[in-house]
Amino acid sequence: MSDDTQVKLELDDIQRGVLSPRPTPYAATYILFRIDDRDHGRELMRRVSAVVTSAADTVSPLGETWVSVALTYHGLKALGVRQEWLDTFAWEFRQGMAARAGALGDVGESAPENWEPPLGTPDVHVVLVALAPDSARLEAAVDRARPAYEALTGVTAIWRQNCHALPTETEPFGYRDGISHPAVEGSGTAGSNPLETPLKAGEFVLGHPDELGGVQTPQPDVLGRNGTYVVFRKLHQRVALFRRYLRDNSTGPEDEELLAAKIMGRWRSGAPLALSPLHDDPGLGADRTRNNAFLFERDDPTGFTTPGGCHIRRGNPRDAAVAGVPRLHRMIRRGTAYGPPLPEGVLEDDGADRGLMFAFVGTHLGRQFEFVQSEWMNDGVFFGAGDAKDPVLGSHDGSGDFTVPRRPVRRRLAALPRFVVTRGGEYCFMPGLTALRWLGDLSD
Ligand code: HEM
């Protein structure tokens with residue numbers, strides 16, 4: 001559906017990382033900073049604001065490198081943002097991701113006490129993400145930037161994670177990712193589903209009306225307006241275990257691929273079951289004009305084609321009859337793989353750390369990210385499947401199952417292990433460009 005509304009967002013004030021799709025392929029890096037000296041922290045904001053690109057710019061001030069910056073609650077505090085203002089930020093943001101572990105299913109081996117330090121600790125203040133067409137150009141850019149932040153002795157880089165998007169756009173389990181995106185009113189960026197009405201800008205950009213007519217703006221206005229919340233999670237993927245599980249539960253290679261598709265709702269090529277129910281269709285999978293043009297309710301209300309419990313139908317039930325209103329739980333996702341890919345066909349774990357740096361963008365941490373993670377991914381009540389969890393992402397303990405509706409009898413996968421383990425993450429606020437400069441100019 002085209003964006004024919006009169007809403008015009010102030011694109012030159014919104015960080016590019018919020019609304020604009022990333023290029024493909026690319027290399028990216030997450031660098032986390034701790035601020036020990038408030039003035040140095042503010043100087044970092046000034047320096048960064050000069051290189052962050054807005055959603056209106058097609059050219060980055062750093063050439064082929066694109067930079068985004070976000071802050072945690074502790075980061076805003078370290079810069080000296082007044083408590084009365086901090087109190088106007090979303091409750092979940094103020095708590096931080098580690099404190100929300102129970103609600104998010106981050107238990108057992110995914111629990112914060114097992115996270116990779118310093119993730120989930122009050123030391124994480126600033127999150128900087130840089131993107132370039134390849135790792136050589138990315139490293140060159142980081143090398144150029146290093147003296148600028150190393151000269152600030154009161155600011156320390158405390159963690160770094162490199163990641164990449166392959167030309168095939170596949171995530172470590174082997175599926176094409178980065179397909180489905182909502183359209184946002186006034187953003188000028190088309191959504192990927194022509195059958196979805198664009199969402200109100202306030203679902204993704206603070207300071208604008210959202211789907212319920214409300215306007216969320218953390219205070220003061222100059223700080224909150226045109227910002228958004230960003231969630232990032234380092235999710236370790238057990239690729240060998242996933243492959244073995246498919247192999248052990250299928251009757252042969254063709255069945256294995258069908259099972260993989262039933263679990264995800266898409267074939268590995270990205271072709272949706274909804275449009276290609278019986279076999280993969282790589283042409284469809286790669287075609288951005290067709291690979292997300294579908295709904296569920298009219299043709300497949302009971303999930304015979306796309307199971308109600310598969311990953312994409314849980315993540316976005318579209319028009320399917322579920323408890324709740326799917327439009328209130330949409331999100332912009334920016335997943336990027338990390339670690340070396342496990343070579344094709346290998347079924348034994350090689351001990352390498354690989355997975356997804358999952359990123360969420362949206363203005364409602366509670367009703368968007370946390371709701372999807374807890375009610376849709378880690379529960380099945382919303383579509384009548386009891387406590388069944390997402391087969392890919394669910395916090396399984398080996399006793400869960402997954403049902404593939406089928407005639408004459410359904411197919412049931414049992415003893416699902418945990419394929420994805422949380423290594424850590426943070427809730428962040430990504431300010432607008434004016435707000436970044438304002439943070440840089442703060443005084444006591
Ligand atoms: C390692 C973990 C994950 C893997 C391997 C994974 C994989 C995928 C893949 C392959 C797709 C289909 C491609 C696309 O539409 O872009 C997808 C879609 C999606 N995922 Fe995930 N994902 C992961 C984590 C998450 C998390 C943590 C969430 C949210 C809590 C999430 C929510 C979604 C949503 C909302 C969609 C789009 C559904 C649609 O609109 O059709 N995913 N994911």
Side-chain angles (χ1 to χ4, degrees), residues 21-22 24 97 100 103-106 110 163 165-166 168-183 191-193 195-196 199 231-239 241-242 260-261 263-275 285-286 288 291-296 306 308 310-320 326-339 341 353-362 364-379 389-396 418-423 425 427:
R22 292 175 173 176
T24 309
M97 187 186 286
R100 304 291 299 143
L104 298 175
D106 286 334
S110 289
C163 26
L166 299 170
T168 50
E169 297 180 90
T170 43
E171 51 70 47
F173 289 147
Y175 299 88
R176 180 187 295 272
D177 201 359
I179 298 173
S180 181
H181 296 295
S192 53
N193 185 351
L195 304 169
E196 184 178 53
L199 284 116
V231 171
F232 81 85
R233 271 162 92 72
K234 181 173 178 181
L235 299 174
H236 170 71
Q237 291 177 248
R238 293 181 163 146
V239 178
L241 184 67
F242 186 75
I263 281 176
M264 183 56 71
R266 291 184 184 273
W267 301 89
R268 308 238 202 197
S269 72
L273 280 169
L275 299 179
R288 286 178 192 278
N291 64 11
N292 203 32
F294 61 93
L295 297 172
F296 293 124
T306 310
C310 74
H311 183 69
I312 69 157
R313 197 158 166 166
R314 282 174 179 272
N316 177 14
R318 303 179 185 221
D319 62 334
R327 279 179 74 75
L328 297 181
H329 311 293
R330 301 287 286 120
M331 63 178 75
I332 293 176
R333 288 171 305 122
R334 308 250 186 260
T336 317
Y338 74 86
D353 188 13
R354 60 175 62 83
L356 200 70
M357 284 297 283
F358 169 87
F360 152 102
V361 176
H364 295 277
L365 287 173
R367 83 159 148 82
Q368 293 171 324
F369 173 67
E370 290 200 350
F371 182 91
V372 173
Q373 173 76 25
S374 63
E375 303 299 317
W376 286 355
M377 295 298 175
N378 272 327
D379 205 354
K389 299 177 177 27
D390 182 80
V392 182
L393 191 63
S395 51
H396 297 285
R418 202 179 233 271
F419 296 120
V420 173
V421 180
T422 310
R423 292 268 197 249
Y427 286 169

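In what follows, residues are counted from 1 in the order of the sequence shown. The model shown is predicted, which means the values in this text are computed figures rather than measured ones. Counting starts at 1 for both ligands and their atoms, following the listed order.
- Side-chain contact check for R266 versus L273: every heavy-atom pair is 4.5 Å or farther apart.
- Short contacts between ligand 1 and E171, defined as distances under 4.0 Å to a heavy atom of the residue, involve ligand atoms 5 (C).
- Of all atoms in ligand 1, numbered sequentially from 1 with element shown, those under 4.0 Å from a heavy atom of R318 are 39 (C), 40 (O), 41 (O).
- In this structure, R176 is part of the shell of residues with a heavy atom less than 4.0 angstrom from ligand 1.
- In this model, a donor atom of one side chain and an acceptor atom of the other lie less than 3.5 Å apart for R418 and S110.
- Residue G178 places at least one N or O, backbone or side chain, under 3.5 Å from an N or O of ligand 1.
- Ligand 1 does not have W376 within reach: every non-hydrogen atom of the residue lies 4.0 Å or more from it.
- F358 pairs by the ring pair (Phe, Tyr, Trp, His ring centres under 6.0 Å) definition with nothing, not counting sequence neighbours.
- N193 has its side chain within reach of R318: a pair of non-hydrogen atoms, C-beta onward, lies under 4.5 Å apart.
- Annotation: the span from R176 atom CZ to T168 atom OG1 amounts to 7.5 Å, rounded to 0.5 Å.
- Less than 4.0 angstrom separates some heavy atom of Y175 from each of these atoms of ligand 1: 10 (C).
- Salt-bridge annotation for E169 and R288: present, with a side-chain N of the basic residue lying under 4.0 Å from a carboxylate O of the acidic one.
- Per-residue contacts place F369 under 4.0 angstrom from the following atoms of ligand 1 (heavy atoms of the residue considered): 30 (C).
- The option from R233, E169, M264, E196 that lies nearest to atom 7 (C) of ligand 1, judged by heavy atoms, is M264.
- Annotation: ring pair (Phe, Tyr, Trp, His ring centres under 6.0 Å) contacts of W376 (sequence neighbours excluded): H329, F371, F382.
- With respect to D353 and R423, a salt bridge is recorded, a charged nitrogen being found less than 4.0 Å from a carboxylate O.
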Exercise for review: Kindly determine whether R233 and D106 satisfy salt bridge (Lys or Arg N to Asp or Glu O under 4.0 Å), including the steps that lead there.
Suggested key: CA-CA 11 Å; R233 271 162 92 72; D106 286 334; 2.8 Å; yes
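- Electrostatic pairing of R330 and E196 counts as a salt bridge here, judged by a charged N lying under 4.0 Å from a carboxylate O.
- Under a 4.0 Å criterion applied to the non-hydrogen atoms of M377, ligand 1 contributes the atoms 31 (C), 32 (C).
- Between the side chains of Y427 and E370, a donor-acceptor pair is found at a separation under 3.5 Å.
- Considering only non-hydrogen protein atoms, atom 4 (C) of ligand 1 sits nearest to L356 CD2, 4.0 Å.
- Around atom 21 (Fe) of ligand 1, the protein atoms of type N, O or S found under 2.8 Å away are H311 NE2, listed by chain and number.
- At least one N/O-N/O distance between S180 and ligand 1 falls below 3.5 Å.
- Under the 6.0 Å distance and 45° angle rule, R333 does not count as a cation-pi partner of F360.
- Contact annotation for I179 and ligand 1: heavy atoms of both the backbone and the side chain come within less than 4.0 Å of the ligand.
- Here's the thing with Q373: none of its N/O atoms is less than 3.5 angstrom from an N/O atom of ligand 1.
- With ligand atoms numbered from 1 in the order given, ligand 1 contributes 38 (C), 39 (C), 40 (O) to contacts under 4.0 Å with heavy atoms of N316.
- Residues meeting the side-chain hydrogen bond (donor to acceptor under 3.5 Å, both in side chains) test with Y175, sequence neighbours left out: none.
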